[in-house]
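Below is one structure, written out as structure tokens; the observations come after it.
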Amino acid sequence: PAAPPPMREPSSSADGTWVTPAQLQDTDERTVLRIGRRGVHGEHSGAHLRTRLSSIEEESVFLEHVLRHRSLQGAAVCANLRCGRWYVRPHISERTCYFKSTDGHIGTWGFSLTRLNEHVLRSCCAASADGSFRPVVVVDATRRGKVLPDSFSRTIPIWAAVWSRAVQCTEAGGAPDGADAVDVPAGVVSAQERRLIAARIPEHARRLREVAGGAVRELRGLPRIRVHWVFRALEDHSDEEAVERCLADASFHTAPTVVCVCVSDPRGSSAREGRGEYIQGAADDEESWAPAGFTPEVWWRNEECIRRTPACDLYRCATELAAAKTEEGGACSEATAEAFRIGGLAVWV
């Protein structure tokens with residue numbers, strides 16, 4: 001790819017934000033100063049974007065390490081929208097799913113009839129000629145202070161339990177023993193909460209049979225869908241040790257299984273001496289830190305170009321790549337679009 005575009009020479013400056021004298025005449029000076037501080041030091045700065053992207057890259061390396069484990073050979077990979085898309089390189093998978101954390105929040109414990117994720121179900125329930133199953137890996141991350149996102153600790157376990165009960169029930173609605181069982185991560189979801197979730201499964205399954213009766217009948221008789229979790233080290237251990245701990249005795253070929261891989265490091269920067277700044281779950285809430293149109297596809301396609309771009313030019317470069325995405329396929333170019341515009345005021349950092 002071509003070298004990143006050069007910075008445009010400014011005409012004047014105010015607290016790090018460059019504007020022209022004519023623009024300053026039509027703009028409240030305090031507004032310019034406030035814009036400048038946010039542009040240079042806030043979430044719309046090149047330095048902040050650099051930290052976000054380097055954190056995303058590190059978290060994606062952990063995912064690739066997980067996928068090399070012997071128990072996950074041949075597994076299908078789905079990025080959970082929207083955060084998970086940033087961690088799955090296009091050559092690994094372009095599949096997505098949508099398990100929303102709010103569906104599983106404590107006290108809600110819901111099952112969405114508009115996000116059935118039937119393609120995930122069919123993928124993990126598709127048995128090979130020898131009767132074995134292929135696990136489905138779902139990728140997501142979470143912000144600081146958590147080990148797993150609620151999409152993993154509650155939403156997916158509820159989803160798996162509801163589909164399992166629905167396909168195991170008879171036409172009369174009867175269910176075998178254990179049909180309401182819910183897999184939950186130990187130490188994250190309490191036994192009491194697990195019982196409260198299980199109590200809601202029959203009603204969720206009844207509603208699912210009403211809206212997706214065809215799929216339920218087609219899949220009737222399948223084994224219960226299992227849920228497994230892989231996450232980063234909680235103590236002072238390596239990622240390799242963490243993966244082996246989570247997957248050492250795993251066997252995913254005897255029953256349909258969804259493997260939830262959380263790529264964020266709950267230890268934050270405390271375990272990263274000499275490795276630079278780190279933002280846990282860096283891809284979350286992308287509207288707050290990424291330029292408009294700067295998507296995971298643009299990031300991975302231009303990874304090397306973005307790496308070489310100095311932090312002072314990075315936000316502008318990312319903005320230009322996003323703008324060029326449609327016309328030039330998102331490739332690094334010599335475009336000279338302004339970094340961003342607020343009203344009639346063009347701002348360069």
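Counting begins at 1 with the first residue of the sequence.
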task = For residues Arg232 and Val263, report the shortest heavy-atom separation together with the two atoms involved.
result = NH1-O, 2.5 Å
ask   = Do Arg200 side-chain atoms and Thr108 backbone N/O form a donor-acceptor pair below 3.5 Å?
value = yes
task = Verify, without hydrogens or angle tests, whether Thr155 (side chain) and Gly104 (backbone) share a donor-acceptor contact under 3.5 angstrom.
result = yes
inquiry  = Can you confirm if the NZ or CZ of Arg207 lies within 45° of the ring axis of Phe111 and under 6.0 Å from the centre of its six-membered ring?
reply    = no
inquiry  = Could you measure the distance from the OG atom of Ser55 to the OH atom of Tyr87? Nearest 0.5 Å is fine.
reply    = 8.0 Å
ask   = Does Asp284 offer a backbone N or O that forms a donor-acceptor pair with the side chain of Trp86 under 3.5 Å?
value = no
Backbone of Ile225 reached by a side-chain donor or acceptor of Ser164 within 3.5 Å = yes
message = For the CD atom of Gln192 and the CD1 atom of Ile197, what is their distance to the nearest 0.5 Å?
response = 11.0 Å
request  = Working to the nearest 0.5 Å, report the span between CH2 of Trp109 and CG of Asp150.
outcome  = 11.5 Å
request  = Check for a donor-acceptor pair, side chain of Arg85 on one end and backbone N or O of Ala79 on the other, with a separation under 3.5 Å.
outcome  = no
ask   = Any side-chain heavy atom of His105 sitting closer than 4.5 Å to one from Thr102?
value = yes
query = Are Trp163 and Cys125 close enough that some pair of their side-chain heavy atoms sits under 4.5 Å apart?
reply = no
key: Under 3.5 Å donor-acceptor, Asp183 side chain and Val227 backbone   = yes
Glu94 atom CD, over 12 foreign heavy atoms within 6.0 Å = no
query = Below 4.5 Å, heavy atoms only, C-beta onward: do Asn117 and His119 meet side chain to side chain?
reply = yes
remark   = Rounded to the nearest 0.5 Å, the SG atom of Cys262 sits from the CD atom of Gln280 at a distance of 7.0 Å
query = Which value, rounded to the nearest 0.5 Å, describes the distance between Leu219 atom CG and Glu118 atom CD?
reply = 7.0 Å
query = In terms of hydrophobic clustering (I, L, V, M, F, W, Y; side-chain heavy atoms under 4.5 Å; direct or indirect links), are Val167 and Phe133 co-clustered?
reply = no
ask   = Any side-chain heavy atom of Ser93 within less than 4.5 Å of one from Cys78?
value = no
inquiry  = Check whether Trp229 reaches the backbone of Phe152 with its side chain - one donor and one acceptor, N or O, closer than 3.5 Å.
reply    = yes
ask   = Going hydrophobic residue to hydrophobic residue with side-chain gaps under 4.5 angstrom, can you get from Val211 over to Val120?
value = yes
query = So, does His228 use its side chain to make a donor-acceptor pair with the main chain of Cys246 at under 3.5 Å?
reply = yes
query = Does Arg70 pair with Glu244 as a salt bridge, N-O distance under 4.0 Å?
reply = yes
ask   = Any donor and acceptor pair, going by atom type alone, linking the side chain of Trp159 with main-chain N or O of Leu116 inside 3.5 Å?
value = yes
task = Rounded to the nearest 0.5 Å, what's the gap from CZ on Phe294 to CD1 on Ile306? Could you check?
result = 3.5 Å
query = Side-chain donor-acceptor pair under 3.5 Å between Thr295 and Glu297, yes or no?
reply = yes
message = I need the minimum non-hydrogen distance between Pro135 and Leu72, along with the two atoms involved.
response = CG-CD2, 4.2 Å
Main-chain N/O of Ser101 paired with Arg154 side-chain donor or acceptor, under 3.5 Å = no
query = Does Leu113 belong to the same Ile/Leu/Val/Met/Phe/Trp/Tyr cluster as Tyr98, with side-chain heavy atoms less than 4.5 Å apart forming each link?
reply = no
message = Set out, in order, the CA-CA distance, both residues' side-chain angles and the distance that settles salt bridge (Lys or Arg N to Asp or Glu O under 4.0 Å) for Glu304 and Arg308, then state yes or no.
response = CA-CA 6 Å; Glu304 290 301 322; Arg308 295 196 308 267; 5.1 Å; no
task = Inspect the contact between Glu210 and Arg206 and indicate whether a charged nitrogen and a carboxylate oxygen are less than 4.0 angstrom apart.
result = yes
